[in-house]
Amino acid sequence: MIPVHQDFPVEFAERYRAAGYWRGETFPAFIRERAAAFPDRVAVIGGEQRWTYGELLGRAEAAAAGFLALGLKPGDRVVVQIPNIPEFLSAVFGLFIARLIPVYALPAHRLTEIVHFARKSDACAYVIAAGHDGFDYRALAREVVAEVPDIRHVVVIGDAQEFTPFASFAADPSLEFALPSPSEVAFLQISGGSTGLSKLIPRTHDDYIYSFRASADICGLDETSVYLCALPAAHNFPMSSPGYFGALYAGGRVVLSPSPSAEASFALIEREGVTITGLVPPLALLWLQAAARTKHDLSSLQVLQVGGAKFMPESAKRVRPVLGCTLQQVFGMAEGLVNYTRLDDPEDVIVETQGRPISPDDEVLILDDAGNPVPEGEPGNLLVRGPYTIRAYHNDPGANARSFTADGFYRTGDVVKRTPEGNLVVQGRATDHINRAGEKISAEEIEDHLLAHPDVFDAAVVSVPDEFLGERSCAFIIAQGEPPKASAIKAFMRTRNLADFKVPDQIVFVSAFQTTAVGKISRKELRAALREKFLEGQ
Ligand code: J2J
């Protein structure tokens, strides 16, 4: 089994420790400390359940004992695919306590993605909820196990059928859990997958806890804070910016919403006195629309965070007047760097920029394509190195060679400019992915699937502006012979066992792709030309 590392060079690690960013904290130690400090305070609310910090720890320790009793060994990887229910937290804290490494999958992921995560991480177990949103994850688990026999255990929250019930995990007082080292990898997060399949992002206890501790500070969290997790809990934004981990770190309360819809969330905001939540821009627009006619009292909400994709200033302006709370723009990435507008920034900074980094030691470079710094204020490629940004993906030498410089900077693929006050404004990106309502879709990955269709001769997938989604995916296809119906291509894509958000939103048949005089252009140029052509035609 390939071991999981995230190796910061010694001199950097020493600097980050000396600066007090890395404090030697670990997930198990942190949750035990909170449970000891305020055992009876409510920590997690979801569905009909309300767990105190004491209960959360008790359940996590039972989960840890259960995982170890299955024969899993510290360092083993476990794919976790759980919707927004309290057991998400007891399962992942249980894995941390047992020194097992969660690999976070989104509820929308299907066989293709889960098999990829399982193989890439060498996982030996898979934890799911029986069902969610009308989908049966046990049926998916059967297919996963058939394809990846190394998955020896499937653990199910709810009716487990032939698998292991999560509810059967019981505490074992004789077990002594060894604490992980703070520099050990705590989990594998998944990348937005800007080229090809998603990559796995190894985050250590030290670096990740620093990122949400400092985020909790920037976002003003304390023990009176109530964080609503409306986005999928497996996503890095609600997890850590400052997210539910930040809220628990601050001794606050976490409310899990099964859906990010305004209806479901507004009811929870009123009932639980939610003070802060985070959304992607299309959801923020829906909330703004719904807020005008809601009967729910939203006055407890102090901060609405918006991130994951660009929030347009015209929409950003409406947050304070309509919702009566402060907007915080968040420009982050699962690989590390997170920028925030600060709560006390002037309104124009909050509306027009994506904020500035968490850490004084986030080294941000804005470079032209030749690798030279652009003049201050000009747009350029964003590169970053710092105390919570990874130095390498897990088990992916090809991606590492492309995505990191020799001196350890991560090439974000984003094009940004910096204002004189030091705030970043996202201008676009250098890579060909589609940012569909915050879900990143790799053009290459989708093209590969389209090419598997017998009637497709060639395909190029591009992002086009969409009023509601921000961007939608458009596949340009050269048919092999008579073009099939667009609906047939979509139906075919649905048989590819992919997350539904990857099915192209729009399909355009063309007779040929434009080529240059020499007859050859890169996929990147081709996609750019097609995007232009599409926009001209609008
Ligand atoms: C424009 N583009 C943005 C923004 C992310 C906090 C918030 C978001 C993420 C996230 C995250 C953007 N404006 N405000 O992990 O902790 C695009 C950029 C970026 C990519 C990362 C967090 N906020 N983006 O979205 O790993 O292109 O993380 O590089 O999913 O989303 O995507 P992801």
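In each ligand, atom 1 is the first atom listed, and ligand 1 is the first ligand listed. Here the structure is a predicted model, which means the values were calculated and not measured.
Close approach to K310 involves these atoms of ligand 1, each under 4.0 Å from a residue heavy atom: 1 (C), 2 (N), 13 (N). Taking a cut-off of under 4.0 Å to the non-hydrogen atoms of Q354, the atoms of ligand 1 that pass are 13 (N), 14 (N). With ligand atoms numbered from 1 in the order given, ligand 1 contributes 9 (C), 10 (C), 25 (O), 28 (O), 30 (O) to contacts under 4.0 Å with heavy atoms of H235. Taking every non-hydrogen atom of V426 and a distance limit under 4.0 Å, the qualifying atoms of ligand 1 come out as 1 (C), 13 (N).
One option in F331, Y340, Y410 has a heavy atom closer to atom 12 (C) of ligand 1 than any other, and that option is F331. Checking D414, N236, T341, I358 against atom 15 (O) of ligand 1, the nearest heavy atom belongs to N236.
F534 and F476 have perpendicular rings, their planes meeting at more than 60° on a 0 to 90° scale where under 30° would count as parallel. F27 and Y208 have tilted rings, their planes meeting at an angle from 30° to 60° on a 0 to 90° scale.
With respect to R472 and D466, a salt bridge is recorded, a charged nitrogen being found less than 4.0 Å from a carboxylate O. Salt-bridge formation is not detected for the pair E471/R531: no Lys NZ or Arg NE/NH1/NH2 atom is positioned less than 4.0 Å from an Asp or Glu carboxylate oxygen. Electrostatic pairing of D432 and R527 counts as a salt bridge here, judged by a charged N lying under 4.0 Å from a carboxylate O. A salt bridge between K317 and E314 is present, with a side-chain N of the basic residue lying under 4.0 Å from a carboxylate O of the acidic one. Ionic pairing of R356 and D345 is present here: one or more N-O contacts between side-chain nitrogen and carboxylate oxygen are shorter than 4.0 angstrom. Ion pairing between R99 and E184 holds under the 4.0 Å rule for side-chain N and carboxylate O.
For the pair R391 and F12, the distance from NZ or CZ to the six-membered ring centre is under 6.0 Å and the angle to the ring normal is within 45 degrees. At least one test fails for R15 against the ring of F8: distance under 6.0 Å to the centre or angle within 45° of the axis. Annotation: cation-pi pair R34/Y249 present, NZ/CZ under 6.0 Å from the ring centroid and within 45° of its normal.
Considering both main-chain and side-chain atoms, G308 comes within under 3.5 Å of ligand 1 through a nitrogen or oxygen pair. Between G307 and ligand 1, a contact under 3.5 Å exists for no N or O pair. Of the polar atoms of S241, at least one N or O is found under 3.5 Å from an N or O of ligand 1, judged by distance alone. Residue contacts with ligand 1: Q329 is placed with no nitrogen or oxygen under 3.5 Å of a nitrogen or oxygen of the ligand (distance criterion only).
Nearest non-hydrogen protein atom to atom 26 (O) of ligand 1 is A334 N, 3.0 Å. When only non-hydrogen protein atoms are considered, atom 10 (C) of ligand 1 lies nearest to G332 O, 3.3 Å. With respect to atom 14 (N) of ligand 1, the closest heavy atom belonging to the protein is V330 O, 2.8 Å. The closest protein non-hydrogen atom to atom 4 (C) of ligand 1 is A309 O, 3.4 Å. In this structure, atom 33 (P) of ligand 1 lies nearest to the protein heavy atom K440 NZ, 3.7 Å.
Neither the backbone nor the side chain of M239 has any atom closer than 4.0 Å to an atom of ligand 1 (non-hydrogen atoms only). At a heavy-atom distance under 4.0 Å, no atom of S191 approaches ligand 1.
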